[in-house]
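Okay, so here's the structure we're looking at.
Reminder, nothing fancy here: chain letters follow the sequence lines and each chain counts from 1.
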Amino acid sequence: MGKTAKAVLLVLFVAGAVAALGKVFIWGESVTNYGSYTPWGLWVGLYVLMVAAAAGAAWTGIYVAWSQGGEPKRLTTISLIAAGAFLAFGLAFIGTDLGKPMKGFLIFFSPAFSSKLAWASWLYMAFFVCLGGYLFTQAKKAFMYLAGLAAVGFVVAEGLFFGGMVARAAWNSLLTPVSFLASAVAAGSAAVFTVGQMSSEKIFAEEGYAVKKILMYSLVAVAAIEVVHAFAGQAALLSSVPFWGFVVLGVVVPVIMLMKNSGAILPGVLALLGLACNKYAFVSSGFAAEPMPGLANAFQAARLSLSYAPSAVEWVVAVGFVAGAIWAADFLANKLLAAKQA
Amino acid sequence: MEREDILLTMQRDLAKAMQKPPEKRRWGMLIDTRKCVGCHACTIGCVAEYKLPPGVVYRPVIDKVSGKFPDVKRQFLPRPCYQCENPSCVPVCPVGATKKEADGIVSIDYEKCIGCRSCIANCPYGARTFDAGDYYTENQPALQEYEKAGFFEYGKQWRRDGKHASVIGSARKCHFCTSRLQKGLLPICVSTCIGRATFFGDLNDEQSLIKKVMGAGKVYRIKEEAGTDPRVYYI
């Protein structure tokens, strides 16, 4: 990747980080637009995407190793670093989103294991431990597979968390965890497709021949599942602009580009963008209907509305953290590969 | 014969129930929609009692219009927290900040709540709201004192004026006025109801007024299919 592109990513990341710190330490919720009837928005959608991308990147890296003899390859290392970066920024999204960000650590010291979110949080940490084991010990192969297992665990936990929400008809389905797993493969392979080529086109050309196919097939699979999901209860999706943005921008265009072998990293970027639209549409669709008819008009006050549009700070943090994840993955992958060559 | 105000009857029922250990009583509410005139006194009484900020409401009254002209029906549906027997908000809390108390009230520990809003997302009744730290009189020449005043919930006094006040950034909801009950007072929505449409008491006490009224009329609950087993009934 060119220096200018890296500089742009870094500037976006710094801007996002400053905005996030401002939200956490100074402005509080006054700079966010979510409320009581739409308690989650853009950040939760991107958290779901980044976590999915982390899991999928780890699986893609494992597949690269497995399909080429079983030993971890250089692209496996890049994939796992990308997974770690995406997971870290995904958690940064949810940390910033919390009403009390500084108390988020309680999930580790005082977890309630009736909550799938608590399970997911512990599995995130297990993943980071495995990533550390992979990068800094000799037991690379074992830690690689363990990281993949932890990733399966947290994606399933998240899928069951959303899918088990009885109050949200749009999510309360067994298709939700299935969709989470499929979109994890798509988002992860898109992340590896993008970061892998950015970090080293040579390594990607030598070891990443399967990534393109995984990305293409998984995008089609996610689109198929989401269409079934929409007709099986998530009807709000069909009238959602971000959902169609996902279908066109995130599936049709990148698949055509992949088939034509054109666009360098663009299909990966578009796929990630489309999947971000899909996750945002998914989260929004859960709050499209009132829990009880007439509730939103029963008491008029700010933040008691069904309408939600992300605030400027939400956008700055969103763009900044996504840019930060890509920048950090590329930066760390280059550093690590250079250190190994030295 | 002069009839006693039902508030006095329920006050006596309450005193009797408070003699029992918490696990022996089962608080419940019954709302007679035929008597509710939609005055919103319960909503406002609650907002005043707990100094509720913008975005937080414990007991809105839904104005429900059904049918087609000329067969139109209008009904007012006060919606407190239903203190479900099987609350869907409890198991999703990742830190155990919300739980079912021995007397059946679903509580929130503001000190523990991290503000993830999972409970808000998983309440089928929209009974939980989020305290974003707003004030009605912010951006005015002065923040009014009444918005910063202390209030009592779950047996403790809370304030919202500190930067790190635990209640800010937490999920909030109706709790059947736990602190008032401890002092032998009926929930504020019951006391302020001008139509005497809200009944409150111990559902384990067959002699209590709420049980007698429930036995006399056809009661129903909202969204029973959700499997949450709410303890707020309607006539």
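The cationic atom of B/Arg160 (NZ for Lys, CZ for Arg) does not lie both less than 6.0 Å from the six-membered ring centre of B/Phe151 and within 45° of the ring axis.
Residue B/Val61 touches chain A through its backbone alone, counting heavy-atom pairs closer than 4.5 Å. Neither the backbone nor the side chain of B/Leu52 comes within less than 4.5 Å of any heavy atom in chain A. For B/Cys113, the parts lying near chain A are the backbone and the side chain together; criterion is any non-hydrogen pair under 4.5 Å. Using a 4.5 Å cut-off between heavy atoms, B/Thr228 makes no contact with chain A at all. Only the side chain of A/Tyr34 comes within contact range of chain B, judged by heavy atoms closer than 4.5 Å. Neither the backbone nor the side chain of A/Phe105 comes within contact range of chain B; no heavy atoms are under 4.5 Å apart. Contact of B/Arg128 with chain A is made through the backbone alone, with heavy-atom distances under 4.5 Å. B/Cys123 touches chain A through its backbone: at least one of N, CA, C or O sits under 4.5 Å from a heavy atom, while the side chain does not. Both the backbone and the side chain of B/Lys112 come within less than 4.5 Å of a heavy atom in chain A. In this structure, no portion of B/Glu225 lies under 4.5 Å from any heavy atom of chain A. Contact of B/Phe76 with chain A is not made at all, since no heavy-atom distance falls under 4.5 Å. For chain A, the nearby part of B/Arg79 is the side chain; its heavy atoms alone come within less than 4.5 Å. Neither the backbone nor the side chain of B/Asp63 comes within less than 4.5 Å of any heavy atom in chain A. Interface remark: B/Val65 contributes no atoms to any contact with chain A (heavy atom separation under 4.5 Å).
Considering only heavy-atom pairs separated by less than 4.5 Å from chain B, the leading option among A/Glu29, A/Lys100, A/Arg303 is A/Lys100. Between chain B and the residues A/Leu295, A/Leu106, A/Val44, the largest count of heavy-atom pairs under 4.5 Å involves A/Leu295. With chain A as partner, the option from B/Gly115, B/Gly96, B/Ala121 having the largest number of non-hydrogen pairs under 4.5 angstrom is B/Ala121. Put simply, of A/Ala302, A/Pro293, A/Ala112, the one with the most heavy-atom pairs under 4.5 Å next to chain B is A/Ala112. With respect to chain B, the highest number of heavy-atom pairs below 4.5 Å among A/Ala298, A/Gly104, A/Ala167, A/Ala296 belongs to A/Ala167. Of the residues considered (B/Ser118, B/Cys89, B/Pro53, B/Ala97), B/Ser118 shows the highest number of contacts with chain A, using heavy-atom pairs under 4.5 Å. Listed options B/Val90, B/Thr43, B/Val92 were ranked by heavy-atom pairs under 4.5 angstrom with chain A; first place goes to B/Val92. Ranked by heavy-atom pairs under 4.5 Å with chain B, the first of A/Ser110, A/Ala301, A/Ala120 is A/Ser110. Highest contact tally toward chain A, considering only B/Val56, B/Asp131, B/Ile120, is held by B/Ile120 [criterion: heavy-atom pairs under 4.5 Å]. The candidate with the highest count of non-hydrogen atom pairs below 4.5 Å against chain A, out of B/Cys93, B/Gly227, B/Pro91, is B/Pro91. When each of A/Phe161, A/Phe109, A/Tyr37 is scored by its heavy-atom pairs under 4.5 Å with chain B, the top score falls to A/Phe161. For the set B/Gly169, B/Cys116, B/Pro94, the count of heavy-atom pairs under 4.5 angstrom toward chain A peaks at B/Pro94.
Taking a 6.0 Å sphere around NZ of B/Lys64, one finds it holds 12 or fewer heavy atoms contributed by other residues, nucleotides or ligands. Other residues, nucleotides and ligands place more than 12 heavy atoms under 6.0 Å from the NZ atom of B/Lys100. Annotation for A/Met102: atom CE does not count as buried by contact number, only 12 or fewer foreign heavy atoms lying within 6.0 Å. Atom CH2 of A/Trp40 has more than 12 heavy atoms from other residues, nucleotides or ligands within 6.0 Å.
Inter-residue side-chain proximity for B/Lys156 and B/Ser179 is flagged as unmet; no heavy-atom pair is nearer than 4.5 Å.
A ring-centre distance under 6.0 Å is not found for A/Phe282 and A/Phe243. For an aromatic pair to be called close, the ring centres must be under 6.0 Å apart, and A/Phe113 with A/Trp119 satisfies this. In this structure, the ring of B/Phe176 has its center no less than 6.0 angstrom from the ring center of B/Trp27. If you look at A/Phe162 and A/Phe180, their ring centroids are closer than 6.0 Å.
Using a cutoff of 4.0 Å between basic side-chain nitrogens and carboxylate oxygens, B/Arg231 and B/Glu85 are scored as salt-bridged. Ion pairing between B/Arg180 and B/Glu49 holds under the 4.0 Å rule for side-chain N and carboxylate O. Under 4.0 Å is where a charged nitrogen must lie from a carboxylate oxygen, and between A/Asp97 and B/Arg117 at least one such pair does.
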Take B/Tyr50 and B/Tyr58 through the ring-ring contact (aromatic ring centres under 6.0 Å, His included) test and state the conclusion after the steps. CA-CA 9 Å; B/Tyr50 298 108; B/Tyr58 288 177; 5.7 Å; yes
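Note that CD of B/Glu224 is 4.0 Å distant from CZ of B/Arg221, once rounded to the nearest 0.5 Å.
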